[in-house]
A.B. asks: 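First the structure, which I've put down as structure tokens, then a few questions once you've had a look.
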There are 2 protein chains.
Amino acid sequence: MPIRDDLETLDFFKGLDGSLLDLLAAFVQTRTVAKGEAVFADGDACDGFYAVLQGQVRIYKMSPAGREHILHVFGPGEAFGEVAVFKGLRFPAHAQALRASRLAFIPREPLKRAMAREPELALGMLGLLSLRLLHFVRKVEELGLKEVPARLAAHLLLLREEHPESQTVTLDMAKGQLATYLGTIPETLSRILKRLADQQLIALDGHRITLLDPATLAALASGEERLE
Amino acid sequence: MPIRDDLETLDFFKGLDGSLLDLLAAFVQTRTVAKGEAVFADGDACDGFYAVLQGQVRIYKMSPAGREHILHVFGPGEAFGEVAVFKGLRFPAHAQALRASRLAFIPREPLKRAMAREPELALGMLGLLSLRLLHFVRKVEELGLKEVPARLAAHLLLLREEHPESQTVTLDMAKGQLATYLGTIPETLSRILKRLADQQLIALDGHRITLLDPATLAALASGEERLE
DNA sequence: CTCGGACCTTGACCTATATCAAGAAAACGC
DNA sequence: GCGTTTTCTTGATATAGGTCAAGGTCCGAG
């Protein structure tokens with residue numbers, strides 16, 4: 001049963017025991033999307049949520065003026081679109097595959113029924129939503145209180161946490177995408193990267209960035225210090 | 001049993017049947033706080049969440065430079081601090097009473113046990129978190145994509161939804177507080193209110209604001225139109 | 001190899017909004 | 001009711017960052 005094996009790879013279902021997985025596998029569906037294809041659009045009716053099995057998906061908002069703001073980029077094992085599942089009737093943002101991807105779709109109603117029987121599932125979902133909420137609280141804080149250099153520094157330090165040994169991080173997306181993730185535009189990001197490099201805080205090499213002075217970057221990220 | 005009656009007034013527990021309320025009343029505590037008193041601080045250990053029985057509480061972040069950004073203001077019936085309950089170990093923001101208030105505290109562990117027995121509770125909590133998430137998605141969108149006049153217009157329209165009959169809204173907080181809620185500062189808010197009034201979009205009278213031209217305000221809020 | 005397109009960088013300019021400073025108004029205690 | 005304090009408004013100024021425009025670099029398709 002391919003779906004069942006897939007489910008095990010999802011962060012959210014990790015650690016569930018076999019019988020629960022069987023229960024889920026009975027109603028979870030899979031969907032493949034091509035690079036650039038929309039998974040859902042802002043405002044679409046929402047009767048379930050998704051998880052990435054393989055590939056990469058971005059969640060973003062669009063302003064009437066056409067500017068985009070990426071809220072999130074998700075890779076294998078991560079769930080998305082769950083924000084609206086239990087109250088909202090519509091997805092609150094756009095989702096688009098950044099590369100050819102395979103997704104799992106978990107429909108709401110059968111999930112609710114499963115949860116009513118297996119509180120374990122509901123508690124897992126609560127944890128997932130709590131984490132997501134924490135992520136947004138941090139984002140709101142950064143957008144409202146901090147300047148772009150601080151947000152960039154925070155992002156670089158966060159990236160490094162995935163490989164704490166190394167001083168070098170690889171950008172997980174194109175620079176233009178990163179700009180909209182940080183709530184800015186490519187030109188500004190480019191200038192700030194240059195300023196960081198001028199100050200010897202980082203060294204640039206295409207999409208690889210070496211953190212030369214993590215301490216100062218951290219001070220920047222927290223807002224204690226400003227970039228000259 | 002006073003606590004039990006209190007619980008019924010909370011949005012989150014509304015509609016639960018009596019036996020469930022009894023279950024909750026057994027471990028929910030109440031706490032009274034004076035005006036200006038901190039309920040919890042950013043980074044405090046978090047082993048439960050709160051709800052407002054009477055009074056008003058604001059949730060806010062603070063930048064190292066000392067600027068504040070209000071994330072939320074909660075009144076009677078609303079829950080807060082639930083963001084971190086199921087995953088995070090710490091509160092992600094500050095909470096402070098804006099006036100003398102009476103609060104309910106729902107400790108995590110007994111709640112989890114109750115949920116394991118009563119999935120109904122967990123589903124309610126999922127709904128609550130979903131709504132909160134939606135709120136943050138909207139906030140991130142506004143902060144990243146929109147200018148202050150748009151955010152203000154959106155806020156005014158939102159306020160009016162509470163009394164759709166009337167064209168006049170009453171600010172639920174001091175103007176300075178509203179400024180930090182919108183991610184700006186009092187001076188800027190004051191100027192923009194004046195500009196809106198100059199454009200005949202609103203009429204100002206202390207904390208009462210009459211929406212003279214909701215259609216244009218809506219266009220402003222969505223970003224389709226800009227303020228001259 | 002080389003053409004074309006996507007992406008990135010750089011520069012000149014402009015606008016929104018923060019900062020600083022001072023005054024006006026409103027709220028509050030006595 | 002009056003002075004004090006807090007809140008709000010207004011003005012002058014500074015600056016971060018967005019916009020527009022022009023190159024530059026990299027990479028894949030043919």
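Reminder, nothing fancy here: chain letters follow the sequence lines and each chain counts from 1.
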A.B. asks: Of all the nucleotides listed (dT10(D), dG17(D), dT17(C)), which has the minimum atom distance to the side chain of K194(B)?
C.D. replies: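 Shortest atom-to-atom distance from the side chain points to dT10(D).
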
A.B. asks: In whole angstroms, how far is the P atom of dG17(D) from the NE2 atom of H69(A)?
C.D. replies: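 Checked: the NE2 to P distance equals 14 Å.
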
A.B. asks: Check whether any side-chain heavy atom of Y60(B) sits under 4.5 Å from a side-chain heavy atom of E68(B), and report yes or no.
C.D. replies: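 Result yes, sub-4.5 Å side-chain heavy-atom pair found.
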
A.B. asks: Would you indicate which nucleotide in dA16(C), dA16(D), dT9(C) comes nearest to any side-chain atom of S190(A)?
C.D. replies: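 Looking only at side-chain atoms, S190(A) lies closest to dT9(C).
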
A.B. asks: Rounding to a whole Å, what distance do you find between M173(B):CE and dT7(D):C1'?
C.D. replies: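 Computing the M173(B):CE to dT7(D):C1' distance gives 16 Å.
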
A.B. asks: Out of dC8(C), dT17(C), dT10(C), which has the shortest distance to the side chain of E187(A)?
C.D. replies: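 The nucleotide sitting nearest to the side chain is dT10(C).
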
A.B. asks: Figure out the CG/C1' separation between L182(A) and dG17(D), and round it to whole Å.
C.D. replies: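 Checked: the CG to C1' distance equals 13 Å.
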
A.B. asks: If you assign R191(A) and H207(A) each to the DNA chain C nucleotide with the nearest heavy atom, which residue ends up on the more 5' nucleotide?
C.D. replies: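 The residue closer to the strand's 5' end, by nearest nucleotide, is H207(A).
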
A.B. asks: Of all the nucleotides listed (dA18(C), dT19(D), dT9(C)), which has the minimum atom distance to the side chain of R67(B)?
C.D. replies: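 That would be dA18(C).
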
A.B. asks: Does the plane of the ring in F91(B) sit parallel, tilted or perpendicular to the ring in F40(B)? Use 30° and 60° as the thresholds.
C.D. replies: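 F91(B) vs F40(B) ring planes: parallel.
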
A.B. asks: May I have the distance from R195(A) (atom CZ) to dT15(D) (atom C1'), rounded to whole angstrom?
C.D. replies: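 Value for this atom pair: 11 Å.
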
A.B. asks: Can you tell me the distance, in whole Å, between the CG atom of L145(A) and the P atom of dT19(C)?
C.D. replies: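 Answer to the nearest Å: 10 Å.
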
A.B. asks: Can you find a pair of side-chain heavy atoms, one from I59(B) and one from V83(B), that are under 4.5 Å apart?
C.D. replies: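 I59(B) vs V83(B): side chains apart.
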
A.B. asks: Taking everything shown except R226(A) itself, do over 12 heavy atoms lie less than 6.0 Å from its CZ?
C.D. replies: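 Open.
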
A.B. asks: Of the candidate nucleotides dT9(D), dT19(D), dA16(C), which contains the atom at the shortest distance from the side chain of I185(A)?
C.D. replies: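 Of dT9(D), dT19(D), dA16(C), dT19(D) is nearest to the side chain of I185(A).
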
A.B. asks: Could you state the CG-P distance from L227(B) to dT17(C), rounded to the nearest angstrom?
C.D. replies: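 Taking atom P of dT17(C) as the reference, CG of L227(B) is at 10 Å.
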
A.B. asks: Counting only side-chain heavy atoms from C-beta out, which of dA12(C), dC8(D), dA16(D) sits nearest to A174(B)?
C.D. replies: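 Nearest to the side chain of A174(B) among the choices is dC8(D).
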
A.B. asks: Choosing from dG17(D), dT9(D), dT19(D), which nucleotide comes nearest the side chain of V148(A)?
C.D. replies: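 When the side chain of V148(A) is considered, dG17(D) is the closest of dG17(D), dT9(D), dT19(D).
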
A.B. asks: Give the rounded distance in Å between these two atoms: CG of L196(A) and P of dA16(D).
C.D. replies: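 In whole Å, dA16(D) P and L196(A) CG are 14 Å from each other.
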
A.B. asks: Evaluate the ring planes of F74(B) and F80(B), with Trp represented by its six-membered ring, and classify them as parallel (under 30°), tilted (30 to 60°) or perpendicular (over 60°).
C.D. replies: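 Taking F80(B) first and then F74(B), their aromatic rings lie parallel (interplane angle under 30°).
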
A.B. asks: Looking only at side-chain atoms of I192(B), point me to the closest of dA12(C), dT17(C), dT9(C).
C.D. replies: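 Ranking dA12(C), dT17(C), dT9(C) by closest atom to the I192(B) side chain puts dT17(C) first.
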
A.B. asks: Give a yes-or-no answer on whether the side chains of T170(A) and R208(A) include a donor-acceptor pair shorter than 3.5 Å.
C.D. replies: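 Indeed, the side chains of T170(A) and R208(A) share at least one donor-acceptor pair under 3.5 Å.
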
A.B. asks: Check whether any side-chain nitrogen or oxygen of K175(A) sits under 4.0 Å from OP1 or OP2 of dT9(C), and answer yes or no.
C.D. replies: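 For dT9(C), OP1 or OP2 has a side-chain N or O of K175(A) closer than 4.0 Å.
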
A.B. asks: Could you check which of dC20(C), dT9(C), dG17(D) has an atom nearest any side-chain atom of P186(A)?
C.D. replies: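 Nucleotide nearest to P186(A)'s side chain: dT9(C).
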
A.B. asks: In whole angstroms, how far is the P atom of dG17(D) from the CZ atom of R151(A)?
C.D. replies: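 It works out to 7 Å between those atoms.
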
A.B. asks: With a 4.0 Å limit, can you tell me whether R226(B) has a side-chain N or O closer than that to the phosphate oxygens OP1/OP2 of dA16(C)?
C.D. replies: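 Yes, R226(B) has a side-chain N/O under 4.0 Å of OP1/OP2 on dA16(C).
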
A.B. asks: Output the single nucleotide from dA18(C), dG17(D), dG11(C) whose closest atom is nearest the side chain of T184(A).
C.D. replies: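 That would be dG17(D).
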
